[in-house]
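Taking it in order: structure first as structure tokens, then the write-up.
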Amino acid sequence: MSSNVAIVGVGMTRFGKREDADVKELGFEALKAALEDAPNVSPKDIEMLLTGYAWGYTATRNPTGELAEYAQLSPIPGFDVHAQCASSTAAVITGWSFIRSGFAKVVAVVGVQKMSELSGREVQRVMGQSADSSLEAPLGMTMPTAYALRAIAYMDKYGATEEDLALVRVKSSEYASRNPFAMFRQKFTTEDVMKSRPISYPLKLLDCAANADGAAAVILASEEVATKITDTPVWIKGVGLATGQQTVRGVPDLTTFTPTVEATRMAYRNAGVEPSQVQVAETHDCFTISEILDYEDMGFFPRGEGYRAIREGQTYVGGRVAVNVSGGLLGRGHPVGATGAAQIFAITRWLRGDAVGDIRVPAELGVAYTRGGVGTYGAAVVLSRRR
Amino acid sequence: MTEIEKFGHFAFIRHSGISKYVEALEQGKLTATRCRKCGSVYFPPRKFCPKCLADDMEWIEYEQAGEGRLLSYSILYLAVAGFDEKEFPAPVGVAQFPDGNRVYARIEGVAPDSLRVGMRVKLVPKALPDGRVTHVLQPA
């Protein structure tokens with residue numbers, strides 16, 4: 001008998017450069033915040049620990065085991081879930097499936113990453129290993145380049161401009177300035193973005209999400225437990241997962257991410273909702289172009305009209321759908337394994353009627369979508385106040 | 001260096017089932033693989049055939065590379081750790097050939113502000129310093 005699954009607690013650390021903590025300490029900080037947020041859940045109630053984490057940025061190889069010992073949760077079951085930047089969304093979906101199967105009633109999911117021990121050039125080498133390691137990475141395939149190729153193809157096909165991309169960062173910075181968990185609190189103008197140094201044409205520094213340290217945690221519970229312990233559960237209505245391409249040469253159409261289309265379509269179908277019903281979304285704006293592609297791939301706007309949506313302000317709070325109004329990856333910073341849980345943190349709080357900083361979004365239905373690698377993995381979760 | 005380590009500007013792996021591609025580049029040739037069981041041709045080459053699951057590939061010269069079109073491009077300004085900073089900024093692109101096969105490669109012989117989606121390109125083998133070898137896109 002499969003159970004509905006609810007989110008009963010969320011917490012996160014400030015994202016940014018965190019020289020005061022290692023991976024397990026960041027993970028603990030987020031877990032502690034989620035437990036304090038979850039009414040009537042104590043550490044001894046946690047039956048399973050899953051960690052969303054991407055390997056290679058620090059020497060830490062076993063984040064779940066380290067955290068289980070450090071938080072004195074051992075010997076409960078646990079393991080790492082790895083889908084690059086989509087790791088902690090995939091971990092939440094893994095926890096959901098363990099609760100659905102009856103294996104566990106309460107699962108803690110922690111997304112964590114520490115990237116500041118490496119230089120930006122070194123991080124790009126690690127990320128290059130997320131691209132095709134035989135024939136593309138050796139030519140200098142960086143994460144910005146994989147997205148720059150998308151940007152040029154999209155701009156050429158639909159007539160969007162570099163200034164349109166910059167508008168995404170202007171929106172992100174507006175909201176990040178109001179989010180105390182965000183790495184970047186200053187507001188940027190289109191001109192600031194256009195004048196920032198080139199990284200991979202047409203993308204400039206402020207078109208790119210920054211490497212960061214941080215953690216976020218989500219406590220999942222079965223319907224039986226959730227309805228007993230909280231009056232404000234947020235329900236996981238549908239989940240979706242997909243794989244895409246590791247090679248750039250294998251991408252069928254550079255103006256769309258198939259894992260985004262497939263994972264979100266699966267999640268909407270499982271939830272029994274249409275994208276037109278979604279009121280708030282946290283999407284994978286690792287670059288400005290990716291948010292515009294997400295608008296279209298997630299079904300919020302027709303093909304070729306995503307850039308018009310940001311021009312018209314349709315993705316601000318009060319527009320057609322509020323997208324990345326936490327500040328997104330661009331404003332919050334992108335500690336890759338922690339990002340999905342941070343997206344779910346924000347949507348959960350808004351659906352409950354709580355704020356993130358002073359940002360409030362009146363909504364009953366939201367979606368979190370996280371993409372891993374160069375378009376290699378997609379993971380989506382549809383969340384609702386209603387069971 | 002193993003053959004695959006010689007490919008490109010910086011090696012990420014040491015072993016591969018398509019090392020013969022790099023050997024052929026050293027001889028100035030582009031090669032593809034053709035499945036002896038179902039006849040499918042792969043460029044860049046593959047060791048295994050996903051269509052019929054066979055691992056019986058024949059190495060053939062790849063001759064269709066002269067009529068490529070640039071699908072997209074970028075210019076890398078950020079030198080990745082391990083790469084020679086003098087190589088940057090470096091234009092790169094994705095090209096498609098008439099048979100539908102695609103390749104990602106650096107682009108040479110085109111001024112960066114002359115790069116256009118749709119421009120005609122060809123892929124050619126190229127020797128690099130220190131015994132390395134690569135393939136590059138040039139204007140056709």
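Protein chains get the first letters and strands the later ones, always in sequence-line order, with residue 1 at the start of each.
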Return the option, out of [options], with the maximum number of heavy-atom pairs under 4.5 Å with chain B.
{"options": "A:V126, A:V123, A:V251, A:L118", "value": "A:V251"}
{"options": "A:A148, A:P198, A:G250", "value": "A:P198"}
{"options": "A:A153, A:G120, A:P144", "value": "A:A153"}

* Asked: Hey, is B:K126 close enough to B:E108 for a salt bridge, meaning N to O under 4.0 Å?
  -> yes
* **Engaged part of B:A79 at the chain A interface, taking heavy atoms whose separation is under 4.5 Å** =>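 Its backbone and side chain both get close to chain A.
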* To do: Would you mind checking which part of B:I18 comes under 4.5 Å of any heavy atom in chain A, side chain (CB onward), backbone (N, CA, C, O), both or neither?
  =>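 For B:I18, the side chain is the part near chain A, not the backbone.
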* Asked: Taking side chain as C-beta onward, heavy atoms only, is A:S200 less than 4.5 Å from A:F287?
  ->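 A:S200 does not reach A:F287 side chain to side chain.
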* To do: Would you check if A:Q245 and A:T258 make a side-chain contact, meaning some heavy-atom pair closer than 4.5 Å?
  =>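 A:Q245 vs A:T258: side chains touch.
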* Neighbour count above 12 (heavy atom, 6.0 Å) for B:Q27 CD -> yes
* **A:R308 to A:Y158 six-membered ring, cation-pi geometry met (6.0 Å, 45°)** =>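 Geometry flag: not set, cation outside 6.0 Å or 45°.
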* Asked: Among B:A81, B:P44, B:A95, B:G93, which residue forms the greatest number of heavy-atom pairs with chain A at distances under 4.5 Å?
  ->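 If we count pairs closer than 4.5 Å to chain A, B:A81 comes out on top.
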* Does the side chain of B:S19 pick up a donor-acceptor pair with the side chain of B:S16 at under 3.5 Å? ->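 There is no such pair between these side chains.
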* **Distance-only donor-acceptor check, side chains B:S40 and B:R34, under 3.5 Å** => no
* **Neighbours of chain A found in residues 131-140 of chain B - heavy atoms under 4.5 Å** => B:T134, B:H135
* What part of A:L135 is in contact with chain B, defined as an atom under 4.5 angstrom from a non-hydrogen atom: side chain, backbone, both or neither? ->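 When you check distances to chain B, atoms from both the backbone and side chain of A:L135 fall under 4.5 Å.
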* Evaluate the ring planes of B:Y62 and B:F43, with Trp represented by its six-membered ring, and classify them as parallel (under 30°), tilted (30 to 60°) or perpendicular (over 60°). => parallel
* **Name of the residue among A:D285, A:T283, A:T339, A:T260 meeting side chain to side chain donor-acceptor pair (under 3.5 Å) with A:R371** =>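 For A:R371, the side chain to side chain donor-acceptor pair (under 3.5 Å) test succeeds with only one of A:D285, A:T283, A:T339, A:T260, which is A:T260.
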